[in-house]
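Letters A, B, ... are given to chains in the order of the sequence lines, protein chains preceding strands, and every chain is numbered from 1.
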Number of protein chains: 2
Amino acid sequence: MNGSSSNLSDSPVSARLAMRGLRLTPQRQHVYEVLVGVRDHPTAEEVFLRAKQGMPEISMATVYNCLDALVRCGLAKQVNVDRSASRFCPNMSDHDHFYCERCGGIYDIENGAGAVGRGIELPRGFEVTHVDVSLRGVCGSCNDAEKV
Amino acid sequence: MNGSSSNLSDSPVSARLAMRGLRLTPQRQHVYEVLVGVRDHPTAEEVFLRAKQGMPEISMATVYNCLDALVRCGLAKQVNVDRSASRFCPNMSDHDHFYCERCGGIYDIENGAGAVGRGIELPRGFEVTHVDVSLRGVCGSCNDAEKV
DNA sequence: CCTTACATTTAGAATTATTCCAAATGTTGA
DNA sequence: TCAACATTTGGAATAATTCTAAATGTAAGG
C-alpha cells in the first residue's frame, strides 16, 4: 500500500485534513490506516488497541483526537448505537447501518437513506425490527435568528 | 372505578406494562405523565427534575428504571444523538427526528422512514446537512446460528 | 540556524451519563 | 399472615469521553 509514500504531506488524506486546518501527523496517518485496514466498525478503544501494535507509544487521547480529526474532515463516519461507545467507519459512501441486536455487529448497508422503507434488499437472513432515521442540520428558529 | 382513572391498574398504560410483566407504579405513571406533558425530548436528567416537582421523593435511579420500562413496553422512544445523553419521546407514531446542530433542539418529523430522500417537506426554514439511518434487528449469521 | 508561535501528543485527572448494589418498602397470592 | 417477588432509593461504581498542563514537534521569519 502507500507505506512507500515517503512524504506524508503528499497524500490525499493530508489534503482533506488541510482543508480543515489540520496536519497529517504520523499518528493520524496510522489511525487512518488502522481504520481502513479492518472495516469492522471498531470503537475508539479497539482502534487504540490496534494502533498500539504498530505504534506502541500512541495514547488514548491521541486516538480520540485522530478519530475526531478524521470525522471532521470527512474521512470517517462516527456510528452511534444506543448508549454504547461510538464506532468508526472509513466507508464514506452514502450508506446505512444495520445493528444486530443479538451479536452486536454493525454492517454497512449500501443503499443510501432514500431506499429505506422501499423494500430494499438486505443481505440474506437479515431481519429488521426497527428503523431509526435522524436528520441533522439547522432548524427554522436558528435560521431565522441568523438573519438579524 | 370512576370515570377519572383513579385506579392505576385500569389505565391503558398499565396494560402495556403488564404485557412485559411490569407493574404500573405511581412513579412510572408520574414519569409517563411528565413525558407526555412537555414533548420536548428531555434527557433523563430533565425528566428527573420535572418529576421531582410533583413527586419530590423520586430518585434518579427510579427515573431511569421508569424510562426504561416505558421504552421496553412501547410507550416511549429513546432518541440518541451523538454521544450526549439519551432523550425520551412519548410520540409512538412512525416518525423521524431532526437534530439542530446549532441550538441542540430535537424535532419530530412526521413522515416515517420511507419518506427520507424523497423530497419530504421539512418545516419551514429547516436545512438538512446529514441523514443517518440505522436499522436494527438480527443479522444473517445470528439467524443461521439460531436454527440449530 | 535560532527564535517565536502555534499545533499536537501524552498521561493522567476530571466529567458525564448511566448502571449497579444492597437495604428498605410495597405488592401479590397461597 | 407469610413467603416470594417487584420496585424504589441513595449512593457507589463503571464506562466512555473530555479536559488539562506539560513536553514535544513543526513551520515561518529574522
*Asks:* I need the single residue from A:Leu67, A:Asn91, A:Asp40 that forms a side chain to side chain contact (heavy atoms under 4.5 Å, CB included) with A:Leu35. Which is it?
*Replies:*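 Exactly one candidate clears the test, A:Leu67.
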
*Asks:* B:Arg20 CZ to D:dT7 P: how many Å, rounded?
*Replies:*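 Interatomic distance, CZ of B:Arg20 to P of D:dT7: 14 Å.
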
*Asks:* Indicate the atoms forming the closest heavy-atom contact of B:Phe88 with B:Thr43, along with that distance.
*Replies:*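 Looking at all heavy atoms of both residues, the closest pair is CD1-C, 4.5 Å.
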
*Asks:* Distance check needed: C:dA17 C1' versus B:Phe48 CZ, whole Å only.
*Replies:*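 The distance from CZ of B:Phe48 to C1' of C:dA17 comes to 14 Å, rounded to the nearest Å.
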
*Asks:* When the distance from CZ of B:Arg72 to P of D:dT7 is rounded to whole Å, what number comes out?
*Replies:*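 After rounding, the reported distance stands at 9 Å.
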
*Asks:* Nearest of D:dT7, C:dT18, C:dT8 to any side-chain atom of A:Thr25?
*Replies:*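 The listed nucleotide nearest to A:Thr25's side chain is C:dT8.
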
*Asks:* How close or far is atom C1' of D:dT7 from atom CG of B:Asp68, stated in whole angstroms?
*Replies:*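 Whole-Å distance recorded here is 13 Å.
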
*Asks:* Going only through I, L, V, M, F, W and Y residues with side-chain contacts under 4.5 Å, is there a path from B:Val128 to B:Val133?
*Replies:*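 Yes, B:Val128 connects to B:Val133 through the hydrophobic network.
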
*Asks:* If you restrict it to nitrogen or oxygen atoms, what contacts under 3.5 Å exist between nucleotides 13-16 of chain C and the protein, and what is each distance?
*Replies:*
none

*Asks:* Within this structure, what is the NE2-to-P distance between B:His30 and D:dT9, rounded to whole angstrom?
*Replies:*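 It works out to 11 Å between those atoms.
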
*Asks:* Between B:Gly21 and B:Arg83, which residue's closest nucleotide on DNA chain D lies nearer the 5′ terminus?
*Replies:*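 Closer to the 5' end of DNA chain D: B:Gly21.
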
*Asks:* Side chains of A:Arg28 and A:Asn65: do they bring a donor and an acceptor to under 3.5 Å?
*Replies:*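 Yes, a side-chain donor-acceptor pair sits under 3.5 Å.
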
*Asks:* Could you tell me how far apart A:Tyr64 (OH) and D:dA16 (P) are, to the nearest whole angstrom?
*Replies:*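 It is 7 Å, rounded to the nearest whole Å.
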
*Asks:* Return the value, rounded to whole Å, for the distance between atom CG of A:Asn80 and atom C1' of D:dT17.
*Replies:*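 Answer to the nearest Å: 12 Å.
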
*Asks:* Under a 4.5 Å side-chain heavy-atom rule over Ile, Leu, Val, Met, Phe, Trp and Tyr, are B:Val36 and B:Leu75 clustered together?
*Replies:*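 Yes, because B:Val36 and B:Leu75 connect within a single hydrophobic cluster, where side-chain heavy atoms sit under 4.5 Å apart.
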
*Asks:* In the 5'-to-3' direction, what one-character label does each nucleotide of nucleotides 20-30 of chain C receive under the scheme B = base within less than 4.0 Å of a protein heavy atom, S = sugar-phosphate only, - = no such atom?
*Replies:* B------S---

*Asks:* Does B:Gln27 have a side-chain nitrogen or oxygen under 4.0 Å from the phosphate oxygens OP1 or OP2 of D:dT9?
*Replies:*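 Affirmative; the distance criterion is met.
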
*Asks:* With a 4.5 Å cut-off on side-chain heavy-atom distances among I, L, V, M, F, W and Y, is there a chain of contacts connecting B:Val71 to A:Val81?
*Replies:*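 Different hydrophobic clusters.
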
*Asks:* Measure the distance from CG on B:Leu17 to C1' on D:dA6 and round it to the nearest whole Å.
*Replies:*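 B:Leu17 atom CG is separated from D:dA6 atom C1' by 13 Å.
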
*Asks:* Students often get this wrong, so: under 4.0 angstrom with heavy atoms, is B:Glu57 touching a base, only sugar-phosphate, or nothing?
*Replies:*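 Sugar-phosphate, backbone atoms only, no base.
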
*Asks:* Base, sugar-phosphate or nothing for A:Ser86? Non-hydrogen atoms, less than 4.0 Å.
*Replies:*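 Since only primed, P, OP1 and OP2 atoms lie under 4.0 Å of A:Ser86, the category is sugar-phosphate.
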
*Asks:* Check this one for me: any side-chain N or O of A:Asn65 less than 4.0 Å away from OP1 or OP2 of C:dT9?
*Replies:*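 For C:dT9, OP1/OP2 do have a side-chain N/O of A:Asn65 under 4.0 Å.
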
*Asks:* Does any pair with a residue in residues 36-58 of chain A pass ring pair (Phe, Tyr, Trp, His ring centres under 6.0 Å), and if so which ones, sequence neighbours excluded?
*Replies:*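 For residues 36-58 of chain A, and leaving out neighbouring residues, the ring pair (Phe, Tyr, Trp, His ring centres under 6.0 Å) pairs sorted by first residue read A:His41-A:His97.
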
*Asks:* Taking the side chain as C-beta and beyond, is there a heavy-atom pair between B:Leu135 and A:Leu122 under 4.5 Å?
*Replies:*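 SC-SC contact between B:Leu135 and A:Leu122 confirmed.
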
*Asks:* Do the charged groups of B:Arg124 and A:Asp144 touch, with an N to O distance under 4.0 Å?
*Replies:*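 Looking at B:Arg124 and A:Asp144, the cut-off is not met.
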
*Asks:* Kindly say if A:Thr62 contacts the phosphate of C:dT10, meaning a side-chain N or O under 4.0 Å from OP1 or OP2.
*Replies:*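 For C:dT10, OP1/OP2 do have a side-chain N/O of A:Thr62 under 4.0 Å.
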
*Asks:* Would you check if the side chain of B:Arg20 reaches a backbone N or O of B:Cys73 as a donor-acceptor pair within less than 3.5 Å?
*Replies:*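 The answer is no, because no donor-acceptor pair under 3.5 Å joins these two groups.
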
